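Read through the structure below, which is laid out as structure tokens, and then see the notes.
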Amino acid sequence: MKKYNPLLLASLVSFSVFAAPQPELQLEKSPNGAEQNVLVLLIDDLGWTDLGAYGSQYYESPNIDALASQSRLYTQAYSSSPVCSPSRAALMTGKHPSKLKITTHFPGYKAKFPKLKEPWKTDHLALTEFTLAEAFKSRGYATFFAGKWHMGGEGYLPTDQGFDINIGGMHRGSPPGGYYDPYKNPNLPNRDKGEHLTKRLTDETIDFLSQKHEKPFFALLSYYGVHTPLQAGPDKLAYFKEKTNTVAGEKAFLIDKGHQSRTQINQVDANYASMIWAVDKSVGRILESLEKQGLDKNTLVVLTSDNGGFSTRLQGDERVTSTANLPLRSGKGWVYEGGVRIPLLIHQPGQQIQSQHDTLTTSADLYPTLANVAGAKLPAGIDGSDIFLLDEAPELAKQRVIVWHHPHYHGSGNKPSAAIRVGDWKLLHFYEQNRVELYNLSNDIAEQVNLEHLEPKRRAHLLALLDEWYRDNDIERVSLLEQ
């Protein structure tokens, strides 16, 4: 690994919020001297503990676990938002999604009896942003996208944002026809009735990887899985049903009276387990294809999620939940750890053993990390920092100010809220109730012991930092709704 100037490392924490200066890096070379290809595998709604490599005892992910055994595994990686469109925008731009006016999923959720007025939000990623795909193209890379886009429709699709190819990317976040052909997707022609969507996207990606590449490539395979609807994959459903009966049992829920929510607390859904299995099988096929063609020797592979696992609903809402994020609290749509902490694996060419990292990272950090691999010049105004640089000084990086801004009502039951983390401390502000919660994550990862009254100075300090972030970045908060 390259060595970094200690002064540059220190600069990571000398800023107020999201203002780390970026290093000037030379083009990364793989062990065989070739320019590195980059492949990102983005799994929709994959929870922090949904993989064997991250501790799941029910779901099975042998191919991803094998990848994890030869990767940098991050234990404190975060999405930039508890929902998908904003965190995807952060990955594509390196910016905090609130700066892009992308603060919830498109088109958002309409609450029945809101008390607060939500701030204005856009419905697409602006074409003026210099996306990650455009950064790679600036270095002569071929660019490929397949799967879930959810950052705008016609005129704002992947091919409008730097990708040469778009297979299946559209404005919607959930697969419009479900997981089996016919897909009802204008950017994914039907091919074989009953074909599984995850397999189809994998086939298309392997076709791209199998082409003769005269220049390096950046490929983003953004699975629709494991987002709802919970439609079983083509394999292993009976197996996981039997496993549920023998080792798991029925779904169990925890009622949070303070937030009027219910959270699934055990991983038992055979449909969801078979969906994870389908994605894992896909990952295995992709990695096999890379190895077969010798591309594994100069391809950096990233595997991650866009937000926490879908585990929480409004109390009284009996609609399905997918998974459990324990020991983390709550899930997708919430600024608790279960909604924002995600798996992150980075496999570098030639890496043969796992290294674990507690470095605090966010979705926005992937932009400079991957752009630097390509030697691309970083645009002004990005908020992310190179993850490899952060890894060099994890204690310094831990002092970064990380903010989650979700000023919207959400189908998970969450109401407008924000959170800020500095070091081991995390403060949450729920606006409708004007409720503040304070947790020390070093000994309370489950966010169960609210310390706001025992730590008044720390509470005040973090609230002040949060106010400063809103002010410095000109971010709009919620306001009272005129009745």
Side-chain angles (χ1 to χ4, degrees), residues 41 43-79 198 223 225-228 230-254 262-284 287 303-305 307-313 320-332 334 336-345 353-358 441 443-448:
L41 304 171
I43 306 175
D44 195 15
D45 285 2
L46 186 73
W48 188 58
T49 57
D50 279 355
L51 302 172
Y54 278 86
S56 179
Q57 299 297 304
Y58 176 64
Y59 310 134
E60 297 182 15
S61 50
N63 294 297
I64 297 175
D65 295 348
L67 176 66
S69 72
Q70 298 182 335
S71 297
R72 305 164 80 95
L73 183 149
Y74 291 84
T75 63
Q76 298 192 68
Y78 287 101
S79 59
T198 300
Y223 296 99
V226 288
H227 195 287
T228 53
L230 293 188
Q231 284 184 286
D235 305 312
K236 290 282 191 173
L237 178 60
Y239 169 82
F240 283 112
K241 283 184 176 179
E242 179 60 27
K243 190 171 184 179
T244 299
N245 294 333
T246 56
V247 303
E250 296 182 354
K251 285 185 180 181
F253 296 91
L254 178 69
R262 65 175 180 94
T263 296
Q264 184 177 326
I265 59 174
N266 55 349
Q267 297 180 342
V268 297
D269 195 299
N271 291 309
Y272 188 75
S274 70
M275 293 171 75
I276 289 179
W277 179 268
V279 170
D280 180 79
K281 185 177 180 180
S282 165
V283 172
L287 298 177
L303 185 145
T304 191
S305 177
N307 47 247
F310 181 36
S311 68
T312 308
R313 287 279 196 186
V320 70
T321 51
S322 303
T323 190
N325 300 309
L326 292 183
L328 307 183
R329 182 172 178 176
S330 196
K332 173 184 178 178
W334 295 74
Y336 287 117
E337 291 291 286
V340 293
R341 195 179 289 214
I342 56 175
L344 173 62
L345 306 174
I353 60 173
Q354 182 185 99
S355 59
Q356 289 197 14
H357 300 268
D358 295 330
L441 297 179
N443 54 32
D444 184 19
I445 192 176
E447 296 171 295
Q448 294 298 303

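Note that the numbering runs from 1 along the sequence shown for the chain. Just so we're clear, the structure is a prediction, and the values are computed from it rather than from any experiment.
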Backbone N/O of [Y] and side chain of [X]: donor-acceptor pair under 3.5 Å:
X      : Y      : answer
Ser274 : Gly233 : yes
Thr228 : Leu230 : no
Asn266 : Ala252 : yes
Asp280 : Trp277 : no
Asp45  : Val226 : no
Asp269 : Asn271 : yes
Arg313 : Gln264 : no
Arg329 : Glu337 : no
Lys332 : Val340 : no
Asp44  : His227 : no

Hey, does [Y] have a side-chain heavy atom less than 4.5 Å from the side chain of [X]?
X      : Y      : result
Arg341 : Ile445 : yes
Asn63  : Leu287 : no
Tyr54  : Asp50  : no
Leu303 : Ile64  : yes
Thr304 : Ile43  : no
Ser56  : Leu51  : no

Would you check if there is a donor-acceptor pair between the side chains of [Y] and [X] at a distance under 3.5 Å?
X      : Y      : value
Thr244 : Tyr58  : yes
Glu60  : Tyr239 : yes
Asn325 : Tyr336 : no
Tyr59  : Thr323 : yes
Thr312 : Thr263 : yes
Tyr223 : Ser282 : yes

Next item on the list: Evaluate the side-chain contact (heavy atoms from CB on, under 4.5 Å) criterion for residues Leu41 and Val283: first the C-alpha distance (whole Å), next the side-chain angles of each, then the deciding distance (0.1 Å), finally the verdict.
Entry: CA-CA 8 Å; Leu41 304 171; Val283 172; 4.1 Å; yes
Spacing of [X] atom [atom1] and [Y] atom [atom2] [to the nearest 0.5 Å]:
X      : Y      : atom1 : atom2 : value
Glu447 : Ser330 : CD    : OG    : 9.0 Å
Ile353 : Ser71  : CD1   : OG    : 11.5 Å
Gln76  : Leu344 : CD    : CG    : 12.0 Å
Leu67  : Gln354 : CG    : CD    : 10.0 Å
Thr321 : Ile265 : OG1   : CD1   : 11.0 Å
Arg262 : Ser311 : CZ    : OG    : 10.0 Å

Next item on the list: Test Thr198 against Lys281 for side-chain contact (heavy atoms from CB on, under 4.5 Å), laying out the working first.
Entry: CA-CA 9 Å; Thr198 300; Lys281 185 177 180 180; over 6 Å; no
Item checked: More than 12 heavy atoms from other groups under 6.0 Å of NZ on Lys251 ->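 Yes - once you tally the heavy atoms of other residues, nucleotides and ligands closer than 6.0 Å, there are more than 12.
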Next item on the list: Decide if atom CD of Glu250 counts as having more than 12 heavy atoms of other residues, nucleotides or ligands within a radius under 6.0 Å.
Entry: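 Result for CD/Glu250: open.
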For the student: nearest non-hydrogen atoms of [X] and [Y], plus distance:
X      : Y     : value
Ser61  : Gly52 : OG-N, 3.0 Å
Lys243 : Gln57 : NZ-O, 3.7 Å
Ala53  : Ala68 : CB-CB, 3.6 Å
Leu441 : Tyr78 : CD1-OH, 3.9 Å

Checklist line | Stepwise side-chain contact (heavy atoms from CB on, under 4.5 Å) test for Ile342 and Trp48 | finding: CA-CA 4 Å; Ile342 56 175; Trp48 188 58; 5.6 Å; no
Checklist line | Intermediate values then yes/no, side-chain contact (heavy atoms from CB on, under 4.5 Å), Thr75 and Gln356 | finding: CA-CA 7 Å; Thr75 63; Gln356 289 197 14; 4.1 Å; yes
